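Just so it is clear, the structure is predicted and the values come from calculations on it, not from any experiment. First listed ligand is number 1; within each ligand, the first listed atom is number 1.
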Amino acid sequence: MPKKRIIKKRKKVSVKKKVGRPKKAKTKKKKVGRPKKKKVGRPRKKTVKTKTNKKRKGRKTLKKQKIEEGKFKIKPEAQILRGMSDIVGEDIDYWQYTFKKMINLSERYGFNQIIVPVVEKQFLFEKSTGSTSDVVEKQMYSFKDRAGHNVVLRPEFTPSIGRAYIERGLFNLPQPIKLYYFGPLFRYERPQAGRSRQFHQFGLEIIGSDKPLIDAQLILFSQTLFSQLGIKASIQINSLGCEECRENYRSRLVQYFKFKKRWMCNDCKKRLAKNPLRVLDCNKNSCRKFIHQAPQLVDYLCDDCQKHFVKTLECLDEIGVVYEFNPYLVRGLDYYTQTVFEFWPIRAKKEKLKTQHTRAWQAYGLSSQTALGGGGRYDNLIKGIGGRLTPATGLSYGIERIIDELKKEEIKIIKPRPPQIFFAHVGEKASRHALKLFNKLQNERFKIAANFAKDSLRAQMELAHKRGVKITLILGQQEALDNTIIIRNMNTGNQEVVDQEKLVKELRKRL
Ligand code: HAM
């Protein structure tokens, strides 16, 4: 059969000629001007490869690397929100140290942990924290959920603890109930040093007792905690009395500020109409100069509130707690009754002395700006949200501010013990066996470092050196087959092969 010749047809490609003005041939324009002077001077040396040159080259590659890294910048839409932060690396040591101290002390004082939701109904805070407080009025992260409920990211814990006390029937248990808690809170404030939009608190609440001794106990707890952390803090204390005492004081305060109003800040002008006590919390110079001469709430306390306050102070004196009576301490939340207190870092107080109106700052400072924590009695909160009349008292510490204080004052913290053993492996089969053995040693409570992503023994040994471990365990193919393992003493370099069955015993002997 004659083979058919397959002839591929060529596609016709039509080339359209561009119509238009013919392009001018590019001619380099000659620059007109003064002719360039030839540089006169020492002739340039030829670069010879030296150690310093090599270093320079190294620097160049580093620069290049940085530019390369710059290419992988996070997209602006994915960046962290303003006023929020990640806690990583060395900071974690500070967090763990602080929380450990707080939890240990709370449990020794007989407090039990409580965990409450991050999202709550808006009404809860309007009713307890107070609709005229800055927190509720200006700072809440509020939104409607999918069911159309008005909800908020919790701006504080105390109302949630009060709610849980009623909803979980904690009033049926022997009173008082002692609870501790910690976690993130959200307040939409202008971010600045010591003030962020997401921050963390550790707090205590004692619900079901009206005894002054209980207030004193919380303050004593704080003194002990600060001394354990190594932080110097001054305890500021005042009494806000009951609703009746405050009613009398309020009208006296409005009268006092009446003729000073026009020199005061706009916020305080509004506060005078809505909630005059909040004026005492203002930290603007224009207002503070009047505040330190204002009438004092202690002079308006009813008999019961006066007795309660005197007993609290007497108790503090007797147990040796050093405090400063601060007649203008009001706290920013509406639920407080009788005793209120705050903890101010001593160092920050010294800084404030340099500012204007020294006497006022010296005595009362910028409490709300720098306070490490604060609290007080809130006898009406639980009734206000539907429970029976239940006296209660509590406090919270700002974790970020306490950690800042530890860092600023260069207080040494106890870091978690680093691992003393490194587990190295060679070969694929050995690596699986190593993973199993690694897990066994973890269960035996040995603290071990390893890097299963690296195959080269050299790279793993470098890591072991960097970590500064005492012992490196090496598992190769042969050891995996023989059920043995190499124990290398990193100080002497001595190596020993031991049976895997005896490994735990051998390690305990060496550590
Ligand atoms: P607070 O004074 O609003 O009280 O907050 C307590 C502490 O939390 C402050 O002293 C401060 O250390 C820290 N803090 C407050 N806002 C911020 C922020 N934006 N950024 C960083 N830290 C902040 C309460 O929250 C009450 N619930 C305390 C309480 C408990 N009263 C009775 N029981």
Just jot down the ligand 1 atoms closer than 4.0 angstrom to any heavy atom of [X], in number order.
X: Leu333; answer: 4 (O), 24 (C), 26 (C)
X: Gln201; answer: 5 (O), 6 (C), 7 (C), 8 (O), 24 (C), 25 (O)
X: Gly394; answer: 30 (C), 31 (N), 32 (C), 33 (N)
X: Gly373; answer: 10 (O), 12 (O)
X: Ala371; answer: 10 (O), 11 (C), 12 (O)

I'd like to check whether [X] has a polar contact with ligand 1, where a contact means an N/O of the residue lying under 3.5 Å from an N/O of the ligand.
X: Tyr378; answer: no
X: Glu400; answer: no
X: Leu204; answer: no
X: Gly375; answer: no
X: Tyr181; answer: no

Qualifying residues under ring pair (Phe, Tyr, Trp, His ring centres under 6.0 Å), relative to Phe446, sequence neighbours excluded
none
Who pairs with Phe123 by ring pair (Phe, Tyr, Trp, His ring centres under 6.0 Å), at least two apart in sequence or on another chain?
none
Count the heavy atoms belonging to other residues, nucleotides or ligands that lie under 6.0 Å from [atom1] of [X], then report whether that count exceeds 12.
X: Glu462; atom1: CD; answer: yes
X: Tyr188; atom1: OH; answer: no
X: Glu410; atom1: CD; answer: no

Counting heavy atoms only, which part of [X] comes closer than 4.0 Å to ligand 1: side chain, backbone, both or neither?
X: Tyr336; answer: side chain
X: Leu372; answer: backbone
X: Leu395; answer: backbone
X: Arg197; answer: neither

Mind checking whether [X] and [Y] have parallel, tilted or perpendicular rings, split at 30° and 60°?
X: Tyr397; Y: Phe221; result: parallel
X: His200; Y: Trp95; result: perpendicular
X: Phe99; Y: Phe182; result: tilted
X: Phe438; Y: Phe452; result: perpendicular

Heavy-atom closest pair, residues Leu204 and Ser106
CD2-OG, 3.7 Å
For Ile291 and Tyr328, work out which heavy atoms get closest and say how close.
O-CZ, 3.4 Å
Compute the minimum heavy-atom distance from [X] to ligand 1 and say whether it is under 4.0 Å.
X: Tyr335; answer: yes
X: Glu342; answer: no
X: Gly203; answer: no

Among [options], whose heavy atom sits nearest [atom]?
atom: atom 27 (N) of ligand 1; options: Glu189, Arg195, Glu156; value: Glu156
atom: atom 17 (C) of ligand 1; options: Phe341, Phe199, Tyr397; value: Phe199
atom: atom 3 (O) of ligand 1; options: Arg187, Glu205, Arg331; value: Arg187

Ignoring hydrogens and angles, tell me if any N or O in the side chain of Arg288 forms a donor-acceptor pair with the backbone of Cys282 under 3.5 Å.
yes
